[in-house]
Amino acid sequence: MMAKADPDEALRQAFVAGADVAGGGTPGDERDDCPSPERLWAAAAEELPVAERRAIVDHTSRCAACAEDFRVVAALVHQSPAYQAAALARKPAFDPIGWLEGFFRKLMAPTYRPAWAAIALVLVAGVVISYQRRLDPDEPPVYRGAEDAEIVSLLEAAPRLPRQAALLRWKGPEGARFELTITTAELRKVHQALDLEQNTYQVPEEVLTSIPDGSRLLWRVEAVLPDGRRVSSSTFDFELKDAQR
Amino acid sequence: MESQSRRIEESDFTALRGELERALRRICPAWLLDRREDLIQSALLRMLESWRRGEASGEKSRDLASSYLWRVASSALIDEIRRLRRRREVELDEEVEATAFVEGPDLAEAAESREIGKALRQCLQGLVEARRLAVTLHLQGYKVPEAASLLDWDAKKVYNSVHRGLADLRECLKSRGIER
């Protein structure tokens, strides 16, 4: 019994048997209509009309010698630079139908059935786990203050604050941290405080030492929400006064 | 110019020789393996003659990459193969005459192989044309896309014709007592 590594290889060998004699094993039968080398080239290079190409292929089904010659010619045609350039230009680089057919043929082979069973199990497990996670109560909560992120000053209108106790207060989104910036009316930065957890801040006295009494100072708050977004307030102001006044 | 022409000749023919060797290494018929070098030399000589004739006549398009020269090489190869084949037929006839009453394993094996090949080709003639053409190209090593292009069919028709044609062929061979 012959080895079955390539079931068609035995047929191929049988097909070329007899090609070493003219007439392909049937002396005298095919010699008169054997195509010339030039016609073999023209057929393999697809220069002849389709009907003539098919006729030559049909001849090679009867004549082992011409089948062998055609195989040699076709190999040279396919190796020639002109054919390779034309093939690249004419055909898609990838034959999707051929690839798919070959791929599915291999996949359906009995050898791969255990692998298919394992893949199916993994897919089912994945779906189950994914569904379970959707019901997980430990999901981090969605921040609820996002819709109401406005920052408002809680100081009275036109406030006058002493430099020894300049307490700034505001209302802002829950769970946020705040950044406070104080400037002069000319927008020269006086002080900045970052990462404040409370919505109040007492301005250090030493920061205000150089500011003349009666000066108008501007202040602004920026909230950093838990989801990373930032919300800025409008600009508020207060008048700096001496405590003894 | 003359020296430049000589430089092109050496390097490009070396590359071309390499291409021919590669092609023949893949498809050289078994009975010609010991003649492969002669075949390559014959093809290269014919190509060189043709190229020089083109140069002498002033044809500008005959560079070494042109399909014309490859066509010349192919014709040279086939002519040489056919010449050797005719000579071999005469040698075999003489051998058969000389050994008519002596059995030898090589001779018997070769004869059996030829008989199987003959039966296979007769079975091919019994197939419908589409299957016959597709199987013939398949047995010559053509891939589905190449056969589809040559026969001007779509790949699916080629694949189906090969698949069904091989089944018919094996059935026919089996009916003649040949399992392949």
Side-chain angles (χ1 to χ4, degrees), chain A residues 1-2 7-8 10-27 34 36-38 40-46 50 53-54 57-58 60-65 67-83 86-87 90-91 95 97-98 101-102, chain B residues 19-20 22-24 26-32 65-67 70-71 73-75 77-79 81-82 85-86 88-89 92 113-121 124-125 129 132-133 135-146 149-152 154-156 159 166 169-170 178-180:
Chain A
M1 193 182 232
M2 292 182 70
D8 298 343
L11 281 177
R12 287 199 180 95
Q13 288 178 11
F15 183 67
V16 301
D20 56 339
V21 292
T26 313
C34 289
S36 66
E38 290 74 24
L40 288 177
W41 175 278
E46 300 176 26
V50 171
R53 300 196 308 242
R54 291 178 190 166
V57 172
D58 205 20
T60 65
S61 74
R62 299 188 296 275
C63 176
E68 186 174 79
D69 293 346
F70 190 66
R71 220 160 46 93
V72 172
V73 170
L76 291 174
V77 165
H78 293 161
Q79 191 125 345
S80 71
Y83 180 87
R90 184 177 62 232
K91 296 174 188 174
D95 172 30
I97 295 175
E101 282 175 336
Chain B
E19 296 284 339
L20 285 175
R22 266 191 291 278
L24 273 182
R26 283 191 293 115
I27 47 80
C28 188
W31 63 279
L32 285 171
S66 75
S67 62
W70 279 81
R71 195 189 303 253
S74 168
S75 294
L77 270 174
I78 300 304
D79 283 341
I81 289 172
R82 287 181 172 180
R85 195 179 281 137
R86 280 190 294 273
R88 185 176 171 85
E89 187 180 352
L92 275 173
S113 181
R114 289 200 183 94
E115 284 305 308
I116 292 172
K118 189 174 162 185
L120 187 150
R121 280 186 290 279
L124 274 176
Q125 304 317 303
E129 190 194 28
R132 182 169 64 251
L133 296 182
V135 169
T136 298
L137 289 178
H138 176 72
L139 294 179
Q140 291 180 38
Y142 266 71
K143 304 275 189 299
V144 168
E146 292 168 345
S149 179
L150 184 68
L151 298 172
D152 197 27
D154 59 62
K156 193 169 178 188
Y159 175 76
L166 284 174
L169 185 65
R170 287 192 166 98
I178 300 169
E179 295 274 352
R180 283 292 181 275

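Letters A, B, ... mirror the listed sequences (proteins, then strands); counts begin at 1. Note that this is a predicted model, so its numbers are computed, not measured.
A:Ala14 approaches B:Arg121 most closely through the heavy-atom pair O-NH1, 4.5 Å. Minimum heavy-atom separation, B:Ser74 to A:Leu76: CA-CD1, 3.7 Å. Considering every non-hydrogen atom in both A:Arg12 and B:Gly141, the closest pair reads NE-N, 4.2 Å. Residues B:Arg85 and A:Glu68 share a closest heavy-atom pair of NH2-OE1, 2.8 Å. What you find for B:Arg82 and A:Ser36 is that their closest heavy atoms are NH1-CA, 4.1 Å. In terms of heavy-atom proximity, A:Arg53 sits nearest to B:Leu150 at NE-O, 2.8 Å.
A 4.5 Å side-chain heavy-atom check between B:Leu139 and A:Arg71 finds every atom pair outside the cut-off.
Your options are B:Gly117, B:Ala119, B:Ser75, and the one with the most heavy-atom pairs under 4.5 Å with chain A is B:Ser75. Between chain A and the options B:Leu169, B:Asp154, B:Thr136, B:Leu137, the largest number of non-hydrogen pairs under 4.5 Å is found for B:Thr136.
For the atom pair CD of A:Glu38 and CZ of B:Arg71, the computed distance is 8.5 Å after rounding to the nearest 0.5 Å. How far CG of B:Leu124 is from CZ of A:Phe15: 6.0 Å, rounded to the nearest 0.5 Å.
The residue from B:Ile81, B:Asp79, B:Leu77 that alone fulfils the side-chain contact (heavy atoms from CB on, under 4.5 Å) condition with A:Pro37 is B:Asp79. Considering B:Leu166, B:Ile116, B:Val135 in turn, B:Leu166 is the only one that fulfils the side-chain contact (heavy atoms from CB on, under 4.5 Å) rule with A:Leu11.
For B:Leu32, no part lies under 4.5 angstrom from a heavy atom of chain A. Only the side chain of A:Val50 comes within contact range of chain B, judged by heavy atoms closer than 4.5 Å.
Using a 4.0 Å cut-off between charged nitrogen and carboxylate oxygen, A:Arg54 and B:Glu129 do not count as a salt-bridge pair.
Scanning for side-chain hydrogen bond (donor to acceptor under 3.5 Å, both in side chains) contacts around A:Thr60 gives B:Gln140, with sequence neighbours left out. Scored by the ring-ring contact (aromatic ring centres under 6.0 Å, His included) test, B:Tyr142 finds A:His78 as partners (sequence neighbours excluded).
At distances below 3.5 Å, at least one donor-acceptor pair connects side-chain atoms of B:Gln125 with backbone N or O atoms of A:Ser61.
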